[in-house]
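Bear in mind the structure is a predicted one, so any value in this text is a computation, not a measurement.
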Amino acid sequence: MRPTPHQAHKAVAAGVFAIAAVAALSLPGTAAAAAPHPSAKADACTPAQVVANGDFESGTSPWSQSQTSVITSRAGQSAHGGSSYAWLDGTGRTHTDTLSQSVTIPSGCSSATLTYWLHIDTAETTSSTQYDKLTAKIGSTTLATYSNLDKNTGYVQKSLDVSAYAGQTVNLAFTGTEDSSLQTSFVLDDIALNTSGGTTPPGDSTRTPAAPSYTVNLTSDTSGSVWNGHESATFTNASATPLSEVYLRLWDNYHGTCSAMPITVTNVTGGTAGALSVGCTALQVSLPAPLAQGQSATIGFDLGITVPSGADRFGHDGAFNNIGNALPVLAVKDGSGWHLDPYTNNGESFYSLAADFKVTLDHPTSLLVPATGTSVDTPGSSGRTVTTATASKVRDFAWAAGPFSKISGTSPAGTAINIYSVSGISSSDAQSMLATAKSAVDTHAARFGAYPYGELDAVIDNNYWFGGMEYPGFVLDLVSTTALTHEIGHQWFYGIVGDDEYNSPWLDEAFTDYATDLAQNKTGTGCWNSVSWASSAEKITNSMAYWDAHSSRYSTVVYGYGKCALHDLRRVLGDTVMAKVLKDYATSHWYGVSTTAEFKAAAQAATTTDLTSFWTQHRIDG
């Protein structure tokens, strides 16, 4: 996805940062530093859990609390484990509670993850107003904010990336505030901050539930903005730990409220539906019995989708509906636990494993329905058409519905391209986008590996506030050569070579912007002409939790500085070696998941030059 136009627009950024030769290991905009001796290495990481008394079972030390009753075992709430917990607020009057302790995150660690279990109950009845709030901060950075709208019936584990603070001693703080009436209780337990190092993260086999397969049958209303039907998901537990539950991500509930959800899941079979959490974007489904490693299971449910108004990735621009992230998909559990990150409108939160989809869409014949995968249309009941879209090894599924104008062609390498235009897009602009798509898909394929998804659909609408958005085999875009080349580049980085988009957004955005430069024969000259880091905490590899708190810097650093760093790495390794590194890296992670640590290891393996100072100077941690 491109950042919003009022930020550093990606298409503009491609020119602003369009490029310049720089000294191989010296990052412009920082003080010159002597290159380390080739044998110099980064500080070794000692894996540790650095929060003391995170379960509150050893009294109150070393926590600082606003009053002696915050850490408690009194009746009224219950612990996640043991007998003690932290109870912030719950007074029903204007009130503030705080809980904090100083933590030291070891240097040299590639990963630092803050986790805690949170339960919220409230007497507030609103479904739209945040009267009472809890904030989680580390140092001066707000990591997350919750409110009475996030109430739930039990504890939910939260997981936040704090790797940017490696080597620092910082204050970890939770602050709860209530207004003048109607209580909200924020209950915390089992707080931990785990650090780890090394260059070998958990392998793909530890990510579960694995090998998902989704079967979906939906029928639309006459406008294509309301869809109802059924979805089933079959999956296998790849972990040695038995799987007792799964989570469905209902991402598009961000676009509504918990009392008026655009995405509804009912009549769950194969498991028991639990509480909705994370702003009603995560639904727990408890399995009838724990699923052992290698065992498979299927859950099913009735699904309702109501597309809101707005030219958004999930929204309708007049008669034209965009339906991205609307199908519930399984959350991922890996070495960090369940990934239940919040939705972000600045970029993407999406982290899912490659899956197979068969989606049947029954709609009025007057509506064209471009979709992920390869589509076949058959006649339905009177005046209706059934579009069956089949996609293999994709991370998500998206479609559109509307009275589009359609033109088609085939790239020189044989990929079928379809351009769907809303009203107001000229035929010449549509033809230009078709030519761009043909060129881009073949150029990226030659560089990173053959495009595997059959056809490629692009929906063109100049009203998109976000610029463009990528899905497997399906993109939304403005009339822009640079933007469309970028979104098609995402077919490789995020689509084929996956990543955790919330915690490592640079792995898809910076790599795709770099690929876009290469496709447009831009070499990075002048890349660092106007670099200026905002703070010592600002790094190319920061998570969306950081960028949501520093949104004006997101596109500048992740897209701009990120691709510039990759141009610099190409100058260090040489064009031929860099090209081979990326091609081999894509091949080795084809349909898998990439991590920063794995990419750094692949780059280091390709050269005898020690890259330690390169990563440090370019602020690439992990």
Side-chain angles (χ1 to χ4, degrees), residues 48-104 113-126 130-139 141-160 162 169-194 274-279 282 284 337-338 340 342:
Q49 196 291 104
V50 301
V51 170
N53 190 27
D55 58 6
F56 308 113
E57 300 299 317
S58 302
T60 61
S61 180
W63 292 101
S64 296
Q65 50 183 341
S66 55
Q67 54 184 349
T68 56
S69 60
V70 172
I71 296 175
T72 183
S73 58
R74 70 185 189 273
Q77 297 290 343
S78 58
H80 176 256
S83 60
S84 297
Y85 52 90
W87 185 351
L88 286 75
D89 299 329
T91 67
R93 55 183 168 80
T94 303
H95 186 79
T96 299
D97 275 330
T98 60
L99 180 71
S100 65
Q101 75 166 259
S102 177
V103 295
T104 299
T113 303
L114 172 67
T115 60
Y116 48 90
W117 290 85
L118 174 63
H119 167 59
I120 302 173
D121 74 51
T122 185
E124 301 282 3
T125 58
T126 178
Q130 298 180 342
Y131 288 117
D132 310 317
K133 296 181 180 180
L134 175 75
T135 59
K137 296 182 71 172
I138 190 163
T141 299
T142 298
L143 298 172
T145 301
Y146 312 98
S147 76
N148 48 282
L149 299 181
D150 299 307
K151 63 183 178 182
N152 48 36
T153 57
Y155 278 93
V156 175
Q157 188 179 40
K158 309 295 183 179
S159 179
L160 301 168
V162 292
T169 297
V170 289
N171 197 50
L172 171 63
F174 298 89
T175 302
T177 58
E178 281 182 291
D179 71 348
S180 58
S181 66
L182 299 178
Q183 74 86 24
T184 300
S185 296
F186 300 100
V187 189
L188 291 159
D189 203 358
D190 294 330
I191 303 171
L193 202 166
N194 289 288
L276 283 162
S277 60
V278 199
Q284 180 191 44
W338 284 107
L340 301 178

**Student:** Under 3.5 Å, is there a donor-acceptor pair between the side chain of D189 and the main chain of A79?
**Tutor:**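 A pair under 3.5 Å: no.
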
**Student:** Which pair of heavy atoms, one from V156 and one from S277, lies closest together, and at what distance?
**Tutor:**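 It is CG2-CB, 3.6 Å.
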
**Student:** State the OG1-CG distance between T115 and L193, to the nearest 0.5 angstrom.
**Tutor:**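 It comes to 7.5 Å.
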
**Student:** Identify which one of D89, D150, T122, T91 satisfies the side chain to side chain donor-acceptor pair (under 3.5 Å) criterion when paired with T184.
**Tutor:**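 One option only clears the test, and that one is T122.
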
**Student:** Let me know which of N148, D121, D132 forms a side chain to side chain donor-acceptor pair (under 3.5 Å) with Q183.
**Tutor:**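 Only one of N148, D121, D132 forms a side chain to side chain donor-acceptor pair (under 3.5 Å) with Q183, namely D121.
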
**Student:** Whether the side chain of Q101 engages the backbone of L172 through a donor-acceptor N/O pair (distance < 3.5 Å, no angle test) should be reported.
**Tutor:**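 It does not hold such a pair.
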
**Student:** Assess whether side chain to side chain contact (heavy atoms under 4.5 Å, CB included) is satisfied between T104 and V50, documenting all intermediate values.
**Tutor:** CA-CA 7 Å; T104 299; V50 301; over 6 Å; no

**Student:** Quick one: closest heavy-atom pair of V162 and L114, and the distance?
**Tutor:**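 The pair with the smallest heavy-atom distance is CG2-N, 4.1 Å.
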
**Student:** Between R93, E124, K133, which is the residue that forms a side-chain contact (heavy atoms from CB on, under 4.5 Å) with D179?
**Tutor:**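 Result for side-chain contact (heavy atoms from CB on, under 4.5 Å) with D179: E124.
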
**Student:** Of all the heavy-atom pairs spanning V170 and G139, show the shortest one and how long it is.
**Tutor:**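 In terms of heavy atoms, the two residues are closest at CB-N, 4.1 Å.
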
**Student:** Treating E178 as the side-chain partner and H95 as the backbone partner, does any N or O pair qualify as donor plus acceptor under 3.5 Å?
**Tutor:**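 Answer holds: no.
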
**Student:** Quick check for you: to the nearest 0.5 Å, what is the distance between S61 atom OG and N53 atom CG?
**Tutor:**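 Separation between the atoms: 7.5 Å.
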
**Student:** Measure across S100 and N171 and return the closest heavy-atom pair with its distance rounded to 0.1 Å.
**Tutor:**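 That would be CB-ND2, 3.7 Å.
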
**Student:** Any side-chain heavy-atom pair from T169 and S102 closer than 4.5 angstrom?
**Tutor:**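 Yes, at least one pair of side-chain atoms sits under 4.5 Å.
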
**Student:** Name the residue from V70, L88, D97 that meets the side-chain contact (heavy atoms from CB on, under 4.5 Å) definition with Q65.
**Tutor:**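 When side-chain contact (heavy atoms from CB on, under 4.5 Å) is applied between Q65 and each of V70, L88, D97, only V70 qualifies.
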
**Student:** Supply the atom-to-atom distance S159 OG to L143 CG, rounded to the nearest 0.5 angstrom.
**Tutor:**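 If I round to the nearest 0.5 Å, the distance is 11.0 Å.
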
**Student:** Please round to the nearest 0.5 Å and tell me the distance separating atom CG of D55 and atom CG of L188.
**Tutor:**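 If I round to the nearest 0.5 Å, the distance is 13.0 Å.
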
**Student:** As an exercise, state the distance from CG of L149 to OH of Y131, rounded to the nearest 0.5 Å.
**Tutor:**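 Going from the CG atom of L149 to the OH atom of Y131 covers 9.5 Å.
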
**Student:** Is the shortest side-chain heavy-atom distance between K158 and L340 below 4.5 Å?
**Tutor:**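 Side chain of K158 against side chain of L340, heavy atoms only: no contact under 4.5 Å found.
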
**Student:** Considering non-hydrogen atoms only, spot the tightest contact between W87 and A75 and give its length.
**Tutor:**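 Taking W87 first and A75 second, the nearest heavy atoms are CZ3-O, 3.6 Å.
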
**Student:** Nearest heavy-atom pair of Q130 and S147: which atoms, and what distance?
**Tutor:**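 Reported closest heavy-atom pair: CG-OG, 3.3 Å.
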
**Student:** Checking Y146 side chain against V278 main chain: does a donor-acceptor pair fall under 3.5 Å?
**Tutor:**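 No: the side chain of Y146 does not pair with the backbone of V278.
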
**Student:** Please report the interatomic distance CG(L134) to CG(L118), rounded to the nearest 0.5 Å.
**Tutor:**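 So the CG of L134 and the CG of L118 are separated by 6.0 Å.
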
**Student:** What about the rings of F56 and W63, do their centers lie closer together than 6.0 Å?
**Tutor:**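 For F56 and W63, the ring centres are under 6.0 Å apart.
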
**Student:** Quick one: list whatever passes ring pair (Phe, Tyr, Trp, His ring centres under 6.0 Å) with Y116, sequence neighbours left out.
**Tutor:**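 Ring pair (Phe, Tyr, Trp, His ring centres under 6.0 Å) check on Y116 returns F174.
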
